[in-house]
Amino acid sequence: MADLTSLKMNPPENRYRGELPKIGIRPTIDGRLGGVRESLEGVTMGMAKAAVKLIQENLRHPNGMPVQCVIADTTIGGVAEAAACADKFRRENVAVTLTVTPCWCYGSETMDMDPLTIKAVWGFNGTDRPGAVYLAAVLAAHNQKGLPAFGIYGHDVQDLQDTDKIPADVAEKILRFARAGLAAAWMRGKSYLSIGSVSMGIAGSIVNPDFFQDYLGMRTEYVDMSELVRRFEEKIYSEAEYKRALAWVRANCKEGPDINSPEKQHSRKRKDEVWATSVKMAIIVRDLMVGNPDLKRKGLYEEALGHNAILAGFQGQRHWTDHFPNGDFLETILNSSFDWNGIRAPYLVATENDSLNGVAMLFGHLLTGTAQIFSDVRTYWSPEAVQRVTGWKPDGVAAQGFIHLINSGATTMDGTGKQRKDGKPAMKPFWEISPDEAGACLDATLWRYADLGYFRGGGYSSDFLTEGGMPVTMSRINVIKGLGPVLQIAEGVTATLPEQVHDKLDKRTNETWPTTWFVPRLTGTGSFKDVYSVMAAWGANHGAISYGHIGADLITLASILRIPVCMHNVETSKIYRPSYWSAFGMDTEGSDYRACQTLGPLYGK
């Protein structure tokens with residue numbers, strides 16, 4: 001059983017350079033003094049304060065720290081006050097703005113004109129004053145100027161004295177916009193760290209700096225894998241942490257059976273050396289990403305800084321793994337919400353340096369605060385094939401078949417599903433995970449020695465089975481020649497198979513790797529006509545899996561970044577994009593492509 005005393009809760013921290021992005025609230029007002037403006041000051045500021053309360057009570061940053069909102073010093077009735085608000089927001093690191101009003105205002109004079117802020121406008125649905133008229137007018141100004149904004153307008157008419165009461169439909173839009181806006185803002189100025197280069201010809205590991213810069217506002221940093229060897233040999237890591245980490249691993253990471261033939265199996269001595277190297281790899285990759293102040297004590301000031309990497313990828317195969325232990329342990333432990341230092345936010349690392357799948361992991365993490373599963377989209381199992389191979393006819397959620405998600409051990413242990421929400425399997429933000437839950441994830445995971453046909457240098461892969469019944473969303477970014485990046489989304493649920501069925505199917509591929517049985521939600525048409533069609537339409541060999549049905553949030557985030565969505569099964573009523581999109585036609589998919597193409601990438605101008 002896992003040592004729960006080692007699984008202490010670490011407080012939220014900002015491990016990256018740069019201030020946390022804030023949300024700015026812009027209370028706009030009818031500027032006519034002499035009775036009109038004066039009568040609206042209280043209700044307008046009331047809307048602003050209600051929006052702050054809603055956001056700050058419901059959202060956290062992905063590192064667990066509270067989201068901060070900043071309100072303009074005064075209501076905004078014209079250009080001078082709009083400029084004063086913009087000055088304040090620049091000083092406060094506001095990256096996302098929500099304009100609120102219960103009344104008519106002067107559209108182009110009061111609007112947010114900063115091309116880099118992510119914008120929404122909430123116009124109060126009331127009959128006392130024409131808030132809806134201002135909303136329409138200012139959105140027209142935003143669209144005419146090419147500064148897209150999300151429109152927020154309640155379904156039901158409210159009374160003017162109730163401007164501080166936010167209806168459920170308005171709250172849903174405000175929070176979806178805020179989550180997606182903060183996610184986009186989080187990426188700006190951070191780095192993707194490519195450790196190594198292209199893995200086995202995988203296109204996603206051809207790291208494209210233009211994509212990261214133009215669409216995400218990120219740098220790309222590159223480190224050869226030989227840097228790990230240098231740090232091994234020169235002991236460029238905390239030796240005290242290494243000893244503590246290795247002892248923790250020996251106490252908490254249970255080894256499973258070695259499937260290699262006896263004559264090929266590595267000796268116990270070599271396996272222990274592989275464990276030692278694997279632990280060092282994890283510490284070193286983390287230090288490369290975010291630095292380590294402990295290295296300053298060794299006089300290693302440059303190495304202590306890190307690369308400010310919110311996301312990394314490790315090439316591994318084959319230049320590394322033909323000689324050294326694979327990267328499975330480092331990727332699993334960093335992607336998990338706990339290690340020898342306790343419960344903490346995950347460090348996102350993409351297997352095989354698949355930067356595009358890494359970006360999908362990053363999107364899911366920034367929107368939910370949870371760890372993300374990285375998987376091969378390996379096999380579609382039809383009901384007929386399952387019955388032929390195992391004698392069992394799939395039923396329940398698996399009745400129409402399922403997809404085998406499996407990867408070479410580099411999957412977060414949160415993916416076991418051993419955490420709980422309302423008594424059901426879940427993956428939670430680290431600040432909600434208890435030591436018992438982290439311990440249960442560890443206890444559900446075996447560490448299997450590498451298949452030496454794949455990994456000549458050995459290594460240890462996590463091996464577990466994801467609990468069924470979890471709502472999940474699989475997503476993926478692909479880059480298409482002549483088009484640019486596109487996003488795929490498939491909401492669904494994890495499935496439970498009878499034990500003997502799982503064993504038979506699992507052993508047909510590689511039993512030493514973690515398995516998630518995934519059933520996408522079907523719509524009966526297009527790519528979601530059936531489970532086979534989902535598998536056939538998936539654009540690459542990898543997918544990123546996030547807890548919860550977050551497809552609508554992903555669509556909103558993609559619109560902010562100007563990335564069209566080429567495949568999804570999200571209900572039409574939940575699709576939320578800036579009003580700019582509505583001018584590009586009545587079909588939502590076509591208008592998405594045309595709007596994104598016309599605007600171009602967020603940072604690409």
Within the side chain of [X], is there an N or O that forms a donor-acceptor pair under 3.5 Å with the backbone of [Y]?
| X | Y | answer |
| --- | --- | --- |
| W581 | G585 | no |
| D587 | E589 | no |
| S191 | L193 | no |
| E491 | G551 | yes |
| H142 | L147 | yes |
| N335 | V349 | yes |

For residues [X] and [Y], report the shortest heavy-atom separation together with the two atoms involved.
| X | Y | value |
| --- | --- | --- |
| D112 | D114 | OD1-N, 3.0 Å |
| V94 | G24 | CG1-N, 3.4 Å |
| A350 | Y192 | CB-OH, 4.5 Å |
| G107 | Y134 | CA-CE1, 3.8 Å |
| M9 | I343 | CE-CG2, 3.8 Å |

Problem - Sole candidate of I76, V43, T75 that passes side-chain contact (heavy atoms from CB on, under 4.5 Å) when paired with I29 - result: T75
Less than 4.0 angstrom from a charged side-chain N to a carboxylate O is my criterion; do [X] and [Y] meet it?
| X | Y | value |
| --- | --- | --- |
| D339 | R286 | no |
| D30 | R32 | yes |
| R91 | E19 | no |
| R562 | D592 | no |

Exercise for the section: Return each pair, listed once, that meets salt bridge (charged side-chain N to carboxylate O under 4.0 Å, His left out) where at least one residue sits in residues 64-79; pairs must be two or more places apart or across chains. Expected result: D73-K88
Could you tell me which residues satisfy side-chain contact (heavy atoms from CB on, under 4.5 Å) with [X], sequence neighbours excluded, listed by chain and number?
| X | value |
| --- | --- |
| K421 | A426, K428, E432, Y547 |
| T598 | Y580, F584 |
| I310 | Y16, W186, K190, M218, L362, L366 |
| Q161 | D159 |

Practice task
Check whether NZ of the Lys or CZ of the Arg R15 lies under 6.0 Å from the centre of the six-membered ring of Y347 and within 45 degrees of that ring's axis.
Solution key: yes
For residues [X] and [Y], determine if any side-chain heavy atom of one lies less than 4.5 Å from a side-chain heavy atom of the other.
| X | Y | answer |
| --- | --- | --- |
| T473 | I545 | no |
| Y222 | H307 | no |
| Q68 | V70 | no |
| L139 | F150 | no |
| Y576 | K173 | yes |

For [X] and [Y], which I'm curious about, is there any donor-acceptor pair between the side chains at under 3.5 Å?
| X | Y | value |
| --- | --- | --- |
| D414 | T370 | no |
| S194 | N353 | yes |
| T523 | N569 | no |

Problem - salt bridge (charged side-chain N to carboxylate O under 4.0 Å, His left out) involving R420 - partner list, sequence neighbours excluded - result: E467
